[in-house]
2 protein chains.
Amino acid sequence: MRMNEGVEWAAHCCLMLDWLDAGRPVPTAKLAAAFEVPPAYLNKQLQALVRAGILTSTAGVRGGFQLARPLTKITMMDVVAAIEGPEEAFQCTEIRQRGPGVGTPERILRTPCAVNAAMRRAETQWRKALAAQTLADVSAAVTRKAPKVAEQTREWYETA
Amino acid sequence: MRMNEGVEWAAHCCLMLDWLDAGRPVPTAKLAAAFEVPPAYLNKQLQALVRAGILTSTAGVRGGFQLARPLTKITMMDVVAAIEGPEEAFQCTEIRQRGPGVGTPERILRTPCAVNAAMRRAETQWRKALAAQTLADVSAAVTRKAPKVAEQTREWYETA
DNA sequence: GTCGAATTACTCGGATATATAATGTCCGAGTCGGGCAGG
DNA sequence: CCTGCCCGACTCGGACATTATATATCCGAGTAATTCGAC
(Lines give C-alpha, C1' and ligand atoms only; values in the text may rest on other atoms or scores of the structure.)
Protein backbone atom coordinates (compact mmCIF):
# COMPACT_ATOMS: atom_id res chain seq x y z
CA MET A 1 0.00 0.00 0.00
CA ARG A 2 2.05 2.90 -1.23
CA MET A 3 0.60 6.31 -1.96
CA ASN A 4 1.22 7.82 -5.38
CA GLU A 5 4.25 10.01 -5.58
CA GLY A 6 2.04 12.55 -7.35
CA VAL A 7 0.46 13.53 -4.04
CA GLU A 8 3.73 14.93 -2.80
CA TRP A 9 4.28 16.76 -6.07
CA ALA A 10 0.78 18.19 -6.05
CA ALA A 11 1.05 19.53 -2.51
CA HIS A 12 4.40 21.18 -3.15
CA CYS A 13 3.18 22.68 -6.42
CA CYS A 14 0.20 24.25 -4.69
CA LEU A 15 2.47 25.76 -2.06
CA MET A 16 4.82 27.07 -4.70
CA LEU A 17 1.99 28.58 -6.71
CA ASP A 18 0.90 30.44 -3.60
CA TRP A 19 4.40 31.65 -2.77
CA LEU A 20 5.06 32.77 -6.32
CA ASP A 21 1.88 34.80 -6.34
CA ALA A 22 2.64 35.39 -9.98
CA GLY A 23 -0.69 36.94 -10.91
CA ARG A 24 -0.53 34.95 -14.11
CA PRO A 25 -0.48 31.22 -14.92
CA VAL A 26 2.68 29.23 -14.22
CA PRO A 27 3.54 26.58 -16.83
CA THR A 28 4.29 22.96 -16.00
CA ALA A 29 7.86 23.32 -17.22
CA LYS A 30 8.72 25.82 -14.49
CA LEU A 31 7.28 23.70 -11.70
CA ALA A 32 8.95 20.58 -13.07
CA ALA A 33 12.29 22.38 -13.19
CA ALA A 34 11.87 23.53 -9.60
CA PHE A 35 11.45 19.98 -8.35
CA GLU A 36 13.45 18.09 -11.00
CA VAL A 37 10.58 15.82 -11.94
CA PRO A 38 9.46 14.67 -15.43
CA PRO A 39 7.45 17.61 -16.84
CA ALA A 40 4.93 15.53 -18.76
CA TYR A 41 4.17 13.35 -15.78
CA LEU A 42 3.84 16.31 -13.47
CA ASN A 43 1.46 17.78 -16.00
CA LYS A 44 -0.69 14.72 -15.62
CA GLN A 45 -0.96 15.25 -11.88
CA LEU A 46 -1.77 18.93 -12.33
CA GLN A 47 -4.53 17.94 -14.71
CA ALA A 48 -6.01 15.88 -11.92
CA LEU A 49 -5.91 18.92 -9.64
CA VAL A 50 -7.77 20.90 -12.28
CA ARG A 51 -10.44 18.21 -12.54
CA ALA A 52 -10.79 18.38 -8.77
CA GLY A 53 -11.27 22.12 -8.91
CA ILE A 54 -8.11 22.94 -6.98
CA LEU A 55 -6.30 24.56 -9.89
CA THR A 56 -7.38 26.32 -13.04
CA SER A 57 -5.55 25.87 -16.30
CA THR A 58 -4.94 28.31 -19.10
CA ALA A 59 -3.86 27.32 -22.59
CA GLY A 60 -1.79 29.35 -25.00
CA VAL A 61 1.48 31.17 -24.97
CA ARG A 62 1.46 32.56 -21.45
CA GLY A 63 -0.65 29.71 -20.14
CA GLY A 64 -0.19 27.40 -17.21
CA PHE A 65 -1.80 26.68 -13.85
CA GLN A 66 -3.17 28.86 -11.08
CA LEU A 67 -4.74 28.17 -7.71
CA ALA A 68 -8.51 28.12 -8.01
CA ARG A 69 -8.95 29.28 -4.41
CA PRO A 70 -6.78 30.38 -1.47
CA LEU A 71 -4.75 27.82 0.47
CA THR A 72 -7.07 28.26 3.44
CA LYS A 73 -9.78 26.60 1.36
CA ILE A 74 -7.66 23.61 0.26
CA THR A 75 -7.25 20.72 2.67
CA MET A 76 -4.72 17.91 2.48
CA MET A 77 -7.71 15.65 1.97
CA ASP A 78 -8.63 17.57 -1.18
CA VAL A 79 -5.16 17.04 -2.61
CA VAL A 80 -5.04 13.35 -1.77
CA ALA A 81 -8.52 12.74 -3.14
CA ALA A 82 -7.67 14.60 -6.33
CA ILE A 83 -4.67 12.38 -7.08
CA GLU A 84 -5.66 9.06 -5.53
CA GLY A 85 -9.33 9.11 -6.34
CA PRO A 86 -12.29 8.91 -4.01
CA GLU A 87 -12.38 5.18 -3.27
CA GLU A 88 -11.31 3.72 0.06
CA ALA A 89 -7.93 2.04 0.45
CA PHE A 90 -9.49 -1.07 1.98
CA GLN A 91 -11.96 -2.70 -0.37
CA CYS A 92 -14.19 -5.29 1.24
CA THR A 93 -14.79 -8.17 -1.16
CA GLU A 94 -17.20 -9.92 1.19
CA ILE A 95 -15.23 -13.15 1.30
CA ARG A 96 -17.12 -14.08 4.46
CA GLN A 97 -20.18 -14.92 2.43
CA ARG A 98 -18.41 -16.98 -0.19
CA GLY A 99 -17.71 -20.68 0.07
CA PRO A 100 -19.79 -23.34 1.84
CA GLY A 101 -21.34 -20.55 3.81
CA VAL A 102 -21.63 -19.96 7.48
CA GLY A 103 -25.18 -18.78 8.02
CA THR A 104 -27.74 -17.83 5.43
CA PRO A 105 -26.81 -15.28 2.75
CA GLU A 106 -29.84 -13.25 3.67
CA ARG A 107 -28.79 -12.83 7.28
CA ILE A 108 -25.22 -12.10 6.31
CA LEU A 109 -26.22 -9.37 3.92
CA ARG A 110 -28.23 -7.71 6.63
CA THR A 111 -25.28 -7.42 9.01
CA PRO A 112 -22.28 -5.41 7.84
CA CYS A 113 -18.86 -7.03 7.71
CA ALA A 114 -17.13 -6.35 11.02
CA VAL A 115 -13.66 -6.44 9.51
CA ASN A 116 -14.70 -3.88 6.99
CA ALA A 117 -16.25 -1.75 9.74
CA ALA A 118 -13.01 -1.79 11.71
CA MET A 119 -11.03 -0.78 8.66
CA ARG A 120 -13.43 2.00 7.82
CA ARG A 121 -13.24 3.34 11.34
CA ALA A 122 -9.47 3.68 11.00
CA GLU A 123 -9.63 5.11 7.54
CA THR A 124 -12.18 7.69 8.67
CA GLN A 125 -9.73 8.89 11.29
CA TRP A 126 -7.13 9.25 8.59
CA ARG A 127 -9.46 11.24 6.38
CA LYS A 128 -10.55 13.45 9.24
CA ALA A 129 -6.95 14.23 10.10
CA LEU A 130 -6.24 15.09 6.48
CA ALA A 131 -9.34 17.25 6.18
CA ALA A 132 -8.40 19.10 9.37
CA GLN A 133 -5.18 20.38 7.85
CA THR A 134 -5.31 23.03 5.15
CA LEU A 135 -2.46 23.89 2.84
CA ALA A 136 -2.42 27.26 4.58
CA ASP A 137 -1.50 25.45 7.80
CA VAL A 138 1.29 23.63 6.02
CA SER A 139 2.53 26.82 4.43
CA ALA A 140 2.51 28.52 7.81
CA ALA A 141 4.58 25.70 9.27
CA VAL A 142 7.17 26.18 6.57
CA THR A 143 7.19 29.95 6.92
CA ARG A 144 7.70 29.67 10.66
CA LYS A 145 10.99 27.85 10.13
CA ALA A 146 12.02 29.60 6.93
CA PRO A 147 10.35 33.01 6.75
CA LYS A 148 11.99 33.98 3.46
CA VAL A 149 10.81 31.00 1.47
CA ALA A 150 8.15 32.90 -0.50
CA GLU A 151 10.49 35.73 -1.29
CA GLN A 152 13.29 33.38 -2.35
CA THR A 153 10.90 31.39 -4.50
CA ARG A 154 9.74 34.50 -6.32
CA GLU A 155 13.30 35.60 -6.79
CA TRP A 156 14.28 32.30 -8.34
CA TYR A 157 11.23 32.35 -10.57
CA GLU A 158 11.87 35.78 -12.01
CA THR A 159 15.51 35.14 -12.77
CA ALA A 160 15.05 31.71 -14.34
CA MET B 1 -3.50 3.60 -3.12
CA ARG B 2 -5.26 0.30 -2.68
CA MET B 3 -4.62 -2.02 0.22
CA ASN B 4 -3.67 -5.62 -0.50
CA GLU B 5 -6.58 -8.00 -0.67
CA GLY B 6 -4.53 -10.29 1.57
CA VAL B 7 -5.29 -8.11 4.58
CA GLU B 8 -8.96 -9.00 4.38
CA TRP B 9 -8.12 -12.67 3.96
CA ALA B 10 -5.71 -12.63 6.89
CA ALA B 11 -8.20 -11.00 9.24
CA HIS B 12 -10.98 -13.43 8.36
CA CYS B 13 -8.64 -16.41 8.65
CA CYS B 14 -7.61 -15.38 12.16
CA LEU B 15 -11.25 -15.06 13.17
CA MET B 16 -12.05 -18.43 11.70
CA LEU B 17 -9.11 -20.08 13.42
CA ASP B 18 -10.40 -18.74 16.70
CA TRP B 19 -13.98 -19.88 16.05
CA LEU B 20 -12.87 -23.30 14.95
CA ASP B 21 -10.88 -23.76 18.14
CA ALA B 22 -9.66 -26.96 16.52
CA GLY B 23 -6.92 -27.73 19.03
CA ARG B 24 -4.79 -28.80 16.12
CA PRO B 25 -3.40 -26.99 13.05
CA VAL B 26 -5.78 -26.06 10.23
CA PRO B 27 -4.34 -26.46 6.72
CA THR B 28 -4.44 -23.76 4.07
CA ALA B 29 -6.71 -25.84 1.88
CA LYS B 30 -9.55 -25.72 4.41
CA LEU B 31 -9.33 -21.98 4.87
CA ALA B 32 -9.09 -21.41 1.14
CA ALA B 33 -12.18 -23.55 0.58
CA ALA B 34 -14.09 -21.60 3.21
CA PHE B 35 -13.48 -18.31 1.42
CA GLU B 36 -13.14 -19.56 -2.16
CA VAL B 37 -9.74 -18.01 -2.68
CA PRO B 38 -6.66 -19.46 -4.43
CA PRO B 39 -5.06 -21.81 -1.86
CA ALA B 40 -1.46 -21.19 -2.85
CA TYR B 41 -1.87 -17.45 -2.69
CA LEU B 42 -3.65 -17.58 0.62
CA ASN B 43 -0.78 -19.70 1.87
CA LYS B 44 1.56 -16.88 1.00
CA GLN B 45 -0.41 -14.45 3.17
CA LEU B 46 -0.49 -16.91 6.03
CA GLN B 47 3.26 -17.23 5.78
CA ALA B 48 3.49 -13.50 6.30
CA LEU B 49 1.36 -13.83 9.43
CA VAL B 50 3.75 -16.50 10.69
CA ARG B 51 6.74 -14.23 10.08
CA ALA B 52 4.93 -11.54 12.04
CA GLY B 53 4.39 -13.92 14.93
CA ILE B 54 0.60 -13.90 14.68
CA LEU B 55 0.30 -17.52 13.59
CA THR B 56 2.40 -20.62 14.06
CA SER B 57 2.83 -23.17 11.30
CA THR B 58 3.22 -26.92 11.49
CA ALA B 59 4.49 -29.06 8.64
CA GLY B 60 3.66 -32.64 7.94
CA VAL B 61 0.54 -34.71 7.55
CA ARG B 62 -1.76 -33.07 10.07
CA GLY B 63 -0.02 -29.72 9.75
CA GLY B 64 -1.38 -26.27 9.15
CA PHE B 65 -1.71 -22.96 10.95
CA GLN B 66 -2.71 -21.99 14.47
CA LEU B 67 -3.08 -18.71 16.31
CA ALA B 68 0.11 -17.87 18.17
CA ARG B 69 -1.82 -15.90 20.82
CA PRO B 70 -5.41 -15.10 21.73
CA LEU B 71 -7.42 -12.60 19.66
CA THR B 72 -7.27 -10.12 22.52
CA LYS B 73 -3.55 -9.81 21.87
CA ILE B 74 -3.84 -9.27 18.11
CA THR B 75 -4.70 -5.80 16.85
CA MET B 76 -5.85 -4.83 13.39
CA MET B 77 -2.59 -2.93 13.14
CA ASP B 78 -0.68 -6.18 13.62
CA VAL B 79 -2.53 -7.80 10.76
CA VAL B 80 -2.10 -4.86 8.41
CA ALA B 81 1.58 -4.52 9.25
CA ALA B 82 2.13 -8.24 8.72
CA ILE B 83 0.73 -8.15 5.19
CA GLU B 84 1.56 -4.65 4.02
CA GLY B 85 4.92 -4.27 5.66
CA PRO B 86 6.09 -1.67 8.15
CA GLU B 87 6.75 1.28 5.83
CA GLU B 88 4.48 4.32 5.69
CA ALA B 89 2.03 4.78 2.84
CA PHE B 90 3.30 8.27 2.14
CA GLN B 91 6.97 8.28 1.26
CA CYS B 92 8.59 11.72 1.31
CA THR B 93 11.14 11.99 -1.49
CA GLU B 94 12.27 15.46 -0.42
CA ILE B 95 11.51 17.05 -3.74
CA ARG B 96 11.55 20.42 -2.00
CA GLN B 97 15.33 20.34 -1.87
CA ARG B 98 15.86 19.31 -5.44
CA GLY B 99 16.15 21.66 -8.37
CA PRO B 100 17.58 25.18 -8.37
CA GLY B 101 17.02 25.26 -4.66
CA VAL B 102 15.08 27.54 -2.47
CA GLY B 103 17.31 28.15 0.51
CA THR B 104 20.51 26.38 1.43
CA PRO B 105 20.52 22.57 1.62
CA GLU B 106 21.92 22.75 5.11
CA ARG B 107 19.02 24.80 6.42
CA ILE B 108 16.48 22.65 4.60
CA LEU B 109 17.84 19.46 6.07
CA ARG B 110 17.53 20.90 9.52
CA THR B 111 13.83 21.64 9.16
CA PRO B 112 11.52 18.71 8.47
CA CYS B 113 9.30 18.72 5.41
CA ALA B 114 5.96 20.22 6.42
CA VAL B 115 4.02 18.26 3.82
CA ASN B 116 5.52 15.06 5.13
CA ALA B 117 4.71 16.11 8.69
CA ALA B 118 1.07 16.68 7.78
CA MET B 119 0.85 13.30 6.10
CA ARG B 120 2.46 11.54 9.02
CA ARG B 121 0.06 13.17 11.40
CA ALA B 122 -2.87 11.70 9.47
CA GLU B 123 -1.25 8.33 9.08
CA THR B 124 -0.52 8.18 12.79
CA GLN B 125 -4.23 8.64 13.47
CA TRP B 126 -4.94 5.76 11.14
CA ARG B 127 -2.41 3.53 12.86
CA LYS B 128 -3.67 4.46 16.29
CA ALA B 129 -7.23 3.60 15.29
CA LEU B 130 -6.07 0.26 13.94
CA ALA B 131 -4.02 -0.50 17.03
CA ALA B 132 -6.98 0.35 19.25
CA GLN B 133 -9.07 -2.43 17.77
CA THR B 134 -8.22 -6.03 18.55
CA LEU B 135 -9.48 -9.01 16.63
CA ALA B 136 -11.34 -9.93 19.80
CA ASP B 137 -13.33 -6.71 19.41
CA VAL B 138 -14.10 -7.57 15.82
CA SER B 139 -15.09 -11.09 16.75
CA ALA B 140 -17.36 -9.74 19.46
CA ALA B 141 -19.05 -7.44 16.97
CA VAL B 142 -19.79 -10.40 14.72
CA THR B 143 -21.00 -12.57 17.58
CA ARG B 144 -23.35 -9.84 18.72
CA LYS B 145 -25.20 -9.95 15.42
CA ALA B 146 -24.75 -13.66 14.72
CA PRO B 147 -24.25 -15.53 18.01
CA LYS B 148 -24.04 -18.94 16.37
CA VAL B 149 -21.22 -18.13 13.99
CA ALA B 150 -18.55 -20.05 15.92
CA GLU B 151 -20.76 -23.08 16.36
CA GLN B 152 -21.76 -23.08 12.69
CA THR B 153 -18.18 -22.70 11.61
CA ARG B 154 -17.08 -25.70 13.67
CA GLU B 155 -19.99 -27.72 12.35
CA TRP B 156 -19.06 -26.97 8.77
CA TYR B 157 -15.41 -27.74 9.46
CA GLU B 158 -16.07 -31.15 10.93
CA THR B 159 -18.41 -32.29 8.18
CA ALA B 160 -16.27 -31.09 5.28
C1' DG C 1 1.17 -58.16 21.11
C1' DT C 2 4.75 -54.57 21.12
C1' DC C 3 8.37 -51.93 19.42
C1' DG C 4 10.94 -49.79 15.79
C1' DA C 5 12.22 -48.31 11.31
C1' DA C 6 11.15 -47.40 6.57
C1' DT C 7 7.66 -45.49 3.70
C1' DT C 8 4.32 -42.46 2.15
C1' DA C 9 1.19 -38.93 1.87
C1' DC C 10 0.54 -34.37 3.24
C1' DT C 11 1.83 -29.61 4.34
C1' DC C 12 4.52 -25.60 4.40
C1' DG C 13 7.91 -22.55 2.03
C1' DG C 14 9.92 -20.12 -1.33
C1' DA C 15 11.00 -19.66 -6.43
C1' DT C 16 8.77 -18.72 -10.57
C1' DA C 17 4.90 -16.74 -14.14
C1' DT C 18 1.09 -13.56 -15.20
C1' DA C 19 -2.06 -9.51 -14.64
C1' DT C 20 -2.75 -5.09 -13.20
C1' DA C 21 -1.61 -0.51 -11.83
C1' DA C 22 1.78 3.17 -11.40
C1' DT C 23 5.18 5.72 -13.78
C1' DG C 24 6.94 7.92 -17.74
C1' DT C 25 6.71 9.63 -22.72
C1' DC C 26 4.86 11.53 -26.89
C1' DC C 27 2.09 14.06 -30.16
C1' DG C 28 -2.07 16.63 -31.49
C1' DA C 29 -5.72 20.45 -30.53
C1' DG C 30 -6.44 24.81 -28.97
C1' DT C 31 -5.27 29.45 -27.84
C1' DC C 32 -3.02 33.56 -26.79
C1' DG C 33 0.57 36.99 -28.20
C1' DG C 34 3.00 39.32 -31.42
C1' DG C 35 3.89 40.82 -36.07
C1' DC C 36 2.40 42.77 -40.34
C1' DA C 37 -0.25 45.07 -43.59
C1' DG C 38 -3.69 48.33 -44.56
C1' DG C 39 -6.21 52.41 -43.54
C1' DC D 1 0.00 56.48 -36.01
C1' DC D 2 -3.77 53.32 -35.09
C1' DT D 3 -6.54 49.18 -35.98
C1' DG D 4 -7.62 44.63 -37.41
C1' DC D 5 -6.21 40.23 -39.19
C1' DC D 6 -3.05 36.44 -39.75
C1' DC D 7 0.61 33.60 -38.39
C1' DG D 8 3.35 31.13 -35.27
C1' DA D 9 4.89 29.39 -31.06
C1' DC D 10 3.62 27.81 -26.68
C1' DT D 11 0.76 25.18 -23.42
C1' DC D 12 -2.52 22.00 -22.00
C1' DG D 13 -4.78 17.49 -22.68
C1' DG D 14 -5.20 12.95 -23.46
C1' DA D 15 -3.43 8.73 -26.00
C1' DC D 16 0.34 5.62 -25.98
C1' DA D 17 4.86 2.84 -23.93
C1' DT D 18 7.43 1.13 -20.05
C1' DT D 19 8.42 -0.25 -15.54
C1' DA D 20 7.15 -1.82 -10.85
C1' DT D 21 3.97 -4.08 -7.91
C1' DA D 22 0.34 -7.18 -6.72
C1' DT D 23 -1.75 -11.45 -7.82
C1' DA D 24 -1.52 -16.22 -8.93
C1' DT D 25 0.80 -20.67 -9.66
C1' DC D 26 4.04 -24.40 -9.25
C1' DC D 27 7.35 -27.61 -7.36
C1' DG D 28 10.68 -29.10 -3.91
C1' DA D 29 12.05 -29.86 1.24
C1' DG D 30 10.61 -31.51 5.42
C1' DT D 31 7.74 -33.82 8.72
C1' DA D 32 4.56 -36.58 11.12
C1' DA D 33 1.45 -40.38 10.83
C1' DT D 34 0.94 -44.92 9.20
C1' DT D 35 2.19 -49.28 7.73
C1' DC D 36 4.90 -53.25 7.73
C1' DG D 37 8.05 -56.37 9.56
C1' DA D 38 10.84 -58.26 13.21
C1' DC D 39 11.19 -59.58 17.92
Side-chain angles (χ1 to χ4, degrees), chain A residues 1-10 13 17 22-33 35-68 80 82-85 87-91 93 95, chain B residues 1-10 13 17 22-33 35-68 80 82-85 87-91 93 95:
Chain A
M1 191 186 60
R2 219 173 94 248
M3 179 172 281
N4 283 5
E5 208 177 353
V7 173
E8 185 184 6
W9 300 3
C13 282
L17 285 174
R24 60 180 61 175
V26 177
T28 303
K30 289 283 183 185
L31 295 168
F35 298 120
E36 278 184 356
V37 295
Y41 190 34
L42 175 60
N43 181 265
K44 193 174 195 170
Q45 315 293 351
L46 297 177
Q47 282 174 41
L49 292 179
V50 171
R51 276 194 295 276
I54 294 172
L55 300 184
T56 58
S57 64
T58 313
V61 167
R62 295 236 172 174
F65 295 90
Q66 286 176 286
L67 288 169
V80 170
I83 304 295
E84 291 287 341
E87 64 272 358
E88 302 248 339
F90 179 83
Q91 308 254 6
T93 60
I95 62 169
Chain B
M1 193 188 55
R2 217 173 97 246
M3 179 173 282
N4 283 6
E5 208 177 354
V7 173
E8 185 184 7
W9 300 3
C13 282
L17 284 174
R24 60 179 60 175
V26 178
T28 304
K30 289 283 184 185
L31 295 169
F35 299 120
E36 278 185 354
V37 298
Y41 189 35
L42 175 61
N43 181 265
K44 190 173 196 171
Q45 314 293 350
L46 297 176
Q47 282 175 41
L49 292 180
V50 171
R51 276 194 295 274
I54 294 172
L55 300 184
T56 59
S57 64
T58 313
V61 167
R62 295 234 172 174
F65 295 90
Q66 286 178 286
L67 289 169
V80 171
I83 304 295
E84 291 287 344
E87 63 273 358
E88 304 249 338
F90 179 82
Q91 308 252 9
T93 60
I95 63 170

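Here the structure is a predicted model, which is why all the values come from computation and not from measurement. The sequence lines fix the lettering, A, B, ..., with proteins before strands; numbering per chain opens at 1.
Distance, A/L46 CG to D/dC12 P: 8 Å, rounded to whole Å. Atoms CZ (A/R24) and P (D/dC10) sit 16 Å apart, rounded to a whole Å. Atom pair B/L49:CG and C/dG13:P shows a separation of 11 Å (rounding to whole Å applied). Taking atom CG of A/N43 as the reference point, atom P of D/dC16 lies 17 Å away to the nearest angstrom.
For the OP1/OP2 pair of C/dG13 and a distance below 4.0 Å, the side-chain nitrogens and oxygens of B/S57 include at least one atom meeting the criterion. Listed pair B/T58 / C/dT11 fails the phosphate criterion, with no side-chain N or O lying under 4.0 Å from OP1 or OP2. Here B/Q47 reaches the OP1 or OP2 of C/dG14: one of its side-chain N or O atoms lies under 4.0 Å away.
To the nearest 0.5 Å, atom CG of residue A/L67 and atom CD1 of residue A/I54 are 9.5 Å apart. Here CZ of A/F90 is found 9.5 Å from CD of B/E5. Values are rounded to the nearest 0.5 Å. To the nearest 0.5 Å, the span separating CD on B/E8 from CZ on B/F35 amounts to 9.0 Å.
Of the listed nucleotides (C/dT11, D/dA33, D/dT11), D/dT11 has the atom at the smallest distance from the side chain of A/P27. Nearest nucleotide to the B/A59 side chain, out of C/dC12, D/dA33, D/dG13: C/dC12. Checking D/dG8, D/dG13, C/dC12 against the side-chain heavy atoms of A/V61 singles out D/dG8 as nearest. The A/F65 side chain lies nearest to D/dG13 when the options are D/dT31, D/dG13, C/dG14.
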Pull out every protein N or O sitting under 3.5 Å from an N or O of nucleotides 21-29 of chain C, one pair per line with the distance.
{"unit_1": "C/dT23", "atom_1": "OP2", "unit_2": "A/N4", "atom_2": "OD1", "d": "3.4"}
{"unit_1": "C/dT23", "atom_1": "OP2", "unit_2": "A/Y41", "atom_2": "OH", "d": "3.4"}
{"unit_1": "C/dT23", "atom_1": "O5'", "unit_2": "A/Y41", "atom_2": "OH", "d": "3.4"}
{"unit_1": "C/dG24", "atom_1": "O6", "unit_2": "A/K44", "atom_2": "NZ", "d": "2.9"}

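B/F65 pairs in a side chain to side chain contact (heavy atoms under 4.5 Å, CB included) with only one of the listed residues (B/T28, B/V26, B/T56, B/L49), which is B/T28.
For B/Y41, the ring pair (Phe, Tyr, Trp, His ring centres under 6.0 Å) criterion is met by B/W9, not counting sequence neighbours.
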